[in-house]
Amino acid sequence: MGPGDLSEALAPLARSTDPRLLVGHDTFDDAGVFRLTNDLALVQTVDFFAPIVDDPYTFGQIAAANALSDVFAMGGEPLTALCVVGFPTGKLPLDVLTEILRGGLDKVHEAGAHIVGGHTVVDEELKYGLAVTGTVHPERILTNSTAKVGDVLLLTKPLGTGILTTAAKRGRLAAEALEPAIVSMRALNAGAGRAARDLALSCATDVTGFGLLGHALNMARASGVTLRFDVSSVPTFAGVREAIADGISTGGAERNYSYVEPVVEWGSTSTIDRTLLVDPQTSGGLLLALPAAKVDQYRARVSGAVRVGEVLPRGSCAISLKGD
C-alpha cells in the first residue's frame with residue numbers, strides 16, 4: 001500500500017499515551033517497541049507479500065530476511081516468528097508451499113530465532129511473510145527520529161531490486177543479471193544493525209517498500225531536519241538504469257513519487273534518478289544517520305556501507321538532492 005494512502009488511513013486514529021510504548025505508528029518507524037522492564041523491551045513487526053522471484057525456496061528466504069530486517073533496523077535481536085500465508089490451494093502443488101516455508105525457516109534460524117507457528121488462508125494470490133518478535137534494551141533503540149544536524153548518511157545495500165525483479169518477471173532481464181540483487185535480498189541486515197547498536201548509534205531505518213526517499217522522508221519528518229543526498233554516490237545494481245531507460249517501472253514507484261514529490265528539492269536529477277530513488281525495495285539495506293567521527297568505525301564493520309549524504313537544519317524542503 002502506498003505511503004500516501006496509508007498516512008491518510010492512519011491519520012484519524014488516536015495515538016497511545018501508554019508510557020511503555022516507546023515507538024508506535026506515528027513516526028512510521030520500522031517496528032513497534034514496547035518496554036517490559038527498565039532493561040528489556042519487545043520489538044514487533046509483520047511483513048508479507050507476493051512472490052518476486054520464481055524459485056519457492058529463494059522467495060521464502062527473501063521474504064523472511066525482509067521481515068527480520070525491521071527488528072535489526074531497530075537495534076533489536078529477533079526471538080520468534082509466526083508465518084503469514086495466503087496460498088491458492090488446488091492451483092499450486094503443496095510442495096511449493098513446503099519449499100517457501102523451508103526457505104523462511106532456514107533464514108529465521110540463520111538470524112538466531114525460531115518459527116513458533118503461524119496462520120494460513122486460501123487465497124487466489126500466493127503471499128508469504130512473517131510476524132517477528134524481538135528484544136532490545138530500551139536505551140539502545142535505533143529509530144528514525146534521532147537524526148541530528150551534521151550527521152552523515154550511510155546506505156548499506158544498493159538500490160534497484162523493484163525495477164530488476166519487475167524486468168525479470170516481464171522476461172526482459174536475464175537470470176544471471178538478477179542474481180546480484182537476489183544475493184542482496186537474501187542477506188540479513190543483522191551485521192548492519194548490530195554494528196549500529198555496538199557503536200551506540202541511535203538513528204536508522206531500513207529501505208523497503210517506500211523506496212529510499214519515502215523512508216528518508218519519514219526520517220526527516222520525525223527528526224525535524226532536512227536530508228541532503230548526493231545522487232551520484234547512491235549505490236545501484238548493474239543494469240537498473242538501463243532497465244528504467246527501457247521503460248521498466250512499477251506501480252509502487254509511482255505511488256512513492258506522489259508521496260514525496262511535494263517535499264523534495266529535486267535539483268538537476270534526471271528522470272532515471274528520480275525513478276530509482278523511489279523504487280520500492282525488498283529486503284533493502286539500512287539508511288543510517290551517524291556522527292562523522294563514527295563513520296570509519298561503522299564502515300570497518302559493514303563493508304558495503306556507502307556515504308550518500310548528510311543531515312542539514314530543516315529548510316523549506318524535507319529532502320534535497322544534489323545531481324551529477
Side-chain angles (χ1 to χ4, degrees), residues 2-4 7 28 144 147 149-167 172-173 180-181 184 203-282 284-290 295 304-324:
S7 296
F28 278 77
N144 66 3
V149 174
D151 280 354
V152 171
L153 298 174
L154 296 183
L155 183 63
T156 65
K157 287 184 181 181
L159 299 183
T161 59
I163 292 294
L164 291 180
T165 53
T166 299
R172 293 165 64 179
L173 187 74
S184 177
C203 189
T205 188
D206 69 341
V207 179
T208 49
F210 296 167
L212 175 62
L213 294 191
H215 291 283
L217 175 55
N218 291 336
M219 180 184 287
R221 283 176 168 166
S223 302
V225 296
T226 291
L227 303 187
R228 184 183 189 192
F229 289 94
D230 181 351
V231 177
S232 64
S233 299
V234 175
T236 62
F237 290 106
V240 176
R241 295 179 184 278
E242 291 79 2
I244 296 172
D246 194 35
I248 299 296
S249 62
T250 67
E254 294 172 3
R255 291 188 291 271
N256 291 342
Y257 184 84
S258 295
Y259 177 60
V260 303
E261 194 274 334
V263 294
V264 175
E265 185 180 90
W266 296 95
S268 60
T269 54
S270 67
T271 300
I272 289 177
D273 285 335
R274 297 182 187 193
T275 301
L276 179 62
L277 294 172
V278 296
D279 180 37
Q281 303 300 288
T282 299
L286 298 191
L287 173 66
L288 304 105
L290 68 162
V295 169
V306 176
R307 180 170 179 160
V308 294
E310 58 188 332
V311 180
L312 305 176
R314 186 57 182 267
S316 59
C317 60
I319 297 173
S320 174
L321 303 181
K322 177 184 176 183
D324 293 334

- [ ] Return the minimal non-hydrogen interatomic distance between M219 and T205, and the atom names on each side.
- [x] CE-CG2, 3.8 Å
Task: Flag side-chain contact, heavy atom, 4.5 Å: P280 against T250 - done: yes
Task: Minimal non-hydrogen separation, T282 against T161, with atom names - done: N-OG1, 3.1 Å
Open item on the list: Within the 4.5 Å heavy-atom criterion, are V311 and L227 side-chain neighbours or not?
Closed with: yes
TODO: Identify, with sequence neighbours excluded, every residue that meets side chain to side chain donor-acceptor pair (under 3.5 Å) alongside S270.
DONE: D273
Open item on the list: Rounded to the nearest 0.5 Å, what separates atom CD1 in I244 from atom CD1 in I163?
Closed with: 4.5 Å
- [ ] Could you tell me whether the side chain of R172 and the main chain of D246 form a donor-acceptor pair under 3.5 Å?
- [x] yes
- [ ] Determine yes or no for a side-chain-to-main-chain donor-acceptor pair under 3.5 angstrom, with S7 supplying the side chain and P3 the backbone.
- [x] yes
Task: Minimum heavy-atom distance between S233 and V308, given as atom pair plus value - done: O-CG1, 3.9 Å
Task: Non-hydrogen atoms of G162 and D279 that approach each other most closely - done: N-OD2, 3.1 Å
TODO: Determine, stepwise, if the pair V240 / L159 fulfils side chain to side chain contact (heavy atoms under 4.5 Å, CB included).
DONE: CA-CA 8 Å; V240 176; L159 299 183; over 6 Å; no
- [ ] Report the distance from atom CG of L213 to atom CG of N256, rounding to the nearest 0.5 Å.
- [x] 9.0 Å
Open item on the list: Using every non-hydrogen atom in the two residues, find where A147 and V225 come nearest and quote the distance to one decimal.
Closed with: O-CG1, 3.7 Å
Open item on the list: I need the full list of side chain to side chain donor-acceptor pair (under 3.5 Å) pairs touching residues 218-228, with sequence neighbours left out, sorted by first then second residue.
Closed with: N218-Y259, R221-Y259
Open item on the list: Can you give me the closest heavy-atom contact between S320 and E265, atom names plus distance?
Closed with: OG-OE1, 3.2 Å
Task: L155 vs L153 side-chain heavy atoms within contact, under 4.5 Å - done: no
Task: Interatomic distance, L286 atom CG to C203 atom SG [nearest 0.5 angstrom] - done: 11.0 Å
Open item on the list: So does D151 get a backbone contact from the side chain of E310, meaning a donor-acceptor N/O pair under 3.5 Å?
Closed with: no
- [ ] Sorted by first residue and then second, give each ring-ring contact (aromatic ring centres under 6.0 Å, His included) pair with at least one member in residues 214-247; sequence neighbours left out.
- [x] F210-H215
Open item on the list: Working to the nearest 0.5 angstrom, can you tell me the gap between L277 CG and T269 OG1?
Closed with: 7.0 Å
- [ ] State, with a plain yes or no, whether a side-chain heavy atom of V260 is found less than 4.5 Å away from one of W266.
- [x] yes
Task: Nearest-0.5 Å distance, OG1 of residue T271 to CG of residue L276 - done: 12.5 Å
TODO: Nearest 0.5 Å please: distance from the CG atom of L212 over to the CG atom of L217.
DONE: 11.0 Å
